[in-house]
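Have a look at the structure below, then the notes.
All heavy atoms count here, side chains included; hydrogens, waters and symmetry mates do not. So that the names make sense, note that chain A is the first sequence line, chain B the second, and so on, each numbered from 1.
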There are 2 protein chains.
Amino acid sequence: MPTNWLSDSEQHAWRMFITTIPDLNAALEADIAAHGLTMGDYEVLVFLSEAPDSRLRMCDLATALRLSPSGLTRRLDGMVKAGWVDRASCSADRRVMYAHLTAAGLEKMSVAAPDHVASVRRHVLDQLGTDGVEQFGELFGKIRQHLHGLQPA
Amino acid sequence: MPTNWLSDSEQHAWRMFITTIPDLNAALEADIAAHGLTMGDYEVLVFLSEAPDSRLRMCDLATALRLSPSGLTRRLDGMVKAGWVDRASCSADRRVMYAHLTAAGLEKMSVAAPDHVASVRRHVLDQLGTDGVEQFGELFGKIRQHLHGLQPA
DNA sequence: CGAAGATACTTGCGATCACAACTATTCACT
DNA sequence: AGTGAATAGTTGTGATCGCAAGTATCTTCG
């Protein structure tokens, strides 16, 4: 007895979505792995490289990455060991630890980023076409706005 | 130095996507948790309830769920313990184990499914509108087709 | 028929992550 | 100033999952 309380169009949209997401994740993960990175690592590099002074407070980075505090602590452990990030304490607030991008991390980032962008293009953007990209952003903007309305409650 | 080798429209689309997906997952997970299920468990129930005789071979179920064989073994361990699924061996091929939906599993499914569908509607479909749902399915169909072309290689 | 290889599943092990508990520090309010 | 609440981060514990290795069974082909 299939769950059929969705119209055909809805059913189709949802099925396409949930069956595609894991495969897309896997494809992106596989591509970035060529640089010895996971997508998680890569995202850390992205956020840090875009931040003022190439550093962020742990809690801000955790929020940005949608990671729990402990999850971030451990992800950074690995990245510190790899030499891409180091920890710096904050003189103004001694509870705070900064995650700071090292030169090696920036270098890794600048090598990996073009490949990752190409990967995103190949697997997603190129498949959608110009109009499709526009629609894609708009649709997720709507979902995002709805979800964001739930968060601060 | 932001990675800016994407047009504004592409940048926007991609950012909306990658920031929304984890939140959407979390929202769906939170809703289904009211039934004592994870999304992973729920998906098992869906596939089994739609299968002939309410059962599937482990390997087919693993493929459907995009789960490794060992991952499925352990997920089923939990669901067997919960009484929603049982294992049945196959007389025709004794390597095979069937995952089989129990009456309790079907009951759980029939109670949880309406809520889950409502959750999908609320968080996604209702936000997109009729045209949006159509576009959504089409866009992911394109990505899916591309990714599927990579799999069997 | 019988050996080589393929297939189905499970188990050992390690990686990742969330939750809860804990320490350290800062903030708010009297 | 001083106490209680809030905030930042780490560590202990347990859940989930993938990979590699192991066992059992089946298939293929000489």
Starting at atom [atom1] of [X], determine the distance to atom [atom2] of [N], rounded to an integer number of angstrom.
X	N	atom1	atom2	answer
A:R75	C:dC17	CZ	C1'	9 Å
A:R57	C:dT26	CZ	P	12 Å
B:N25	C:dC17	CG	C1'	14 Å
A:L61	C:dC17	CG	C1'	15 Å
B:L72	C:dT11	CG	P	13 Å
B:L67	C:dT10	CG	C1'	14 Å
A:L76	C:dT16	CG	C1'	14 Å
A:Y98	C:dT25	OH	C1'	15 Å

Presence of salt bridge, A:D77 and A:R87, under 4.0 angstrom: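 Yes, charged N to carboxylate O under 4.0 Å.
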Once you measure the plane-to-plane angle for A:H123 and B:H146, does it fall in the parallel (<30°), tilted (30-60°) or perpendicular (>60°) bin?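 Tilted.
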Name the orientation class of the two ring planes belonging to A:F140 and B:F17 (parallel below 30°, tilted from 30 to 60°, perpendicular beyond 60°).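 Because their plane-to-plane angle is over 60°, the rings of A:F140 and B:F17 count as perpendicular.
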For A:S70 and A:D93, take the nucleotide of DNA chain D holding the closest heavy atom to each; which residue's nucleotide lies nearer the 5' end?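 The 5'-side residue here is A:D93.
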Do [X] and [Y] pair up side chain to side chain, a donor and an acceptor below 3.5 Å, judged on atom types alone?
X	Y	value
A:S89	A:R94	no
A:H35	A:D115	yes
A:T20	A:D23	no

More 5' along DNA chain C: A:S91 or A:G40, using each one's nearest nucleotide?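 Its nearest nucleotide lies further toward 5', so the answer is A:G40.
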Residue mapping more 5' on DNA chain C - nearest nucleotide basis, B:D77 or A:D41: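 Result of the comparison: B:D77.
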Grab the two heavy atoms, one from B:A64 and one from B:F47, that are nearest each other, plus how far apart they are.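 The pair with the smallest heavy-atom distance is CB-CE2, 3.7 Å.
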First and last nucleotide of DNA chain D in contact with chain B, 5' to 3', at under 4.0 Å to a heavy atom: what are they?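 The footprint of chain B covers D:dC17 to D:dC26.
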Scan A:R94 against the nucleic acid and name what it touches under 4.0 Å (heavy atoms): base, sugar-phosphate only, or nothing.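 Result for A:R94 = sugar-phosphate.
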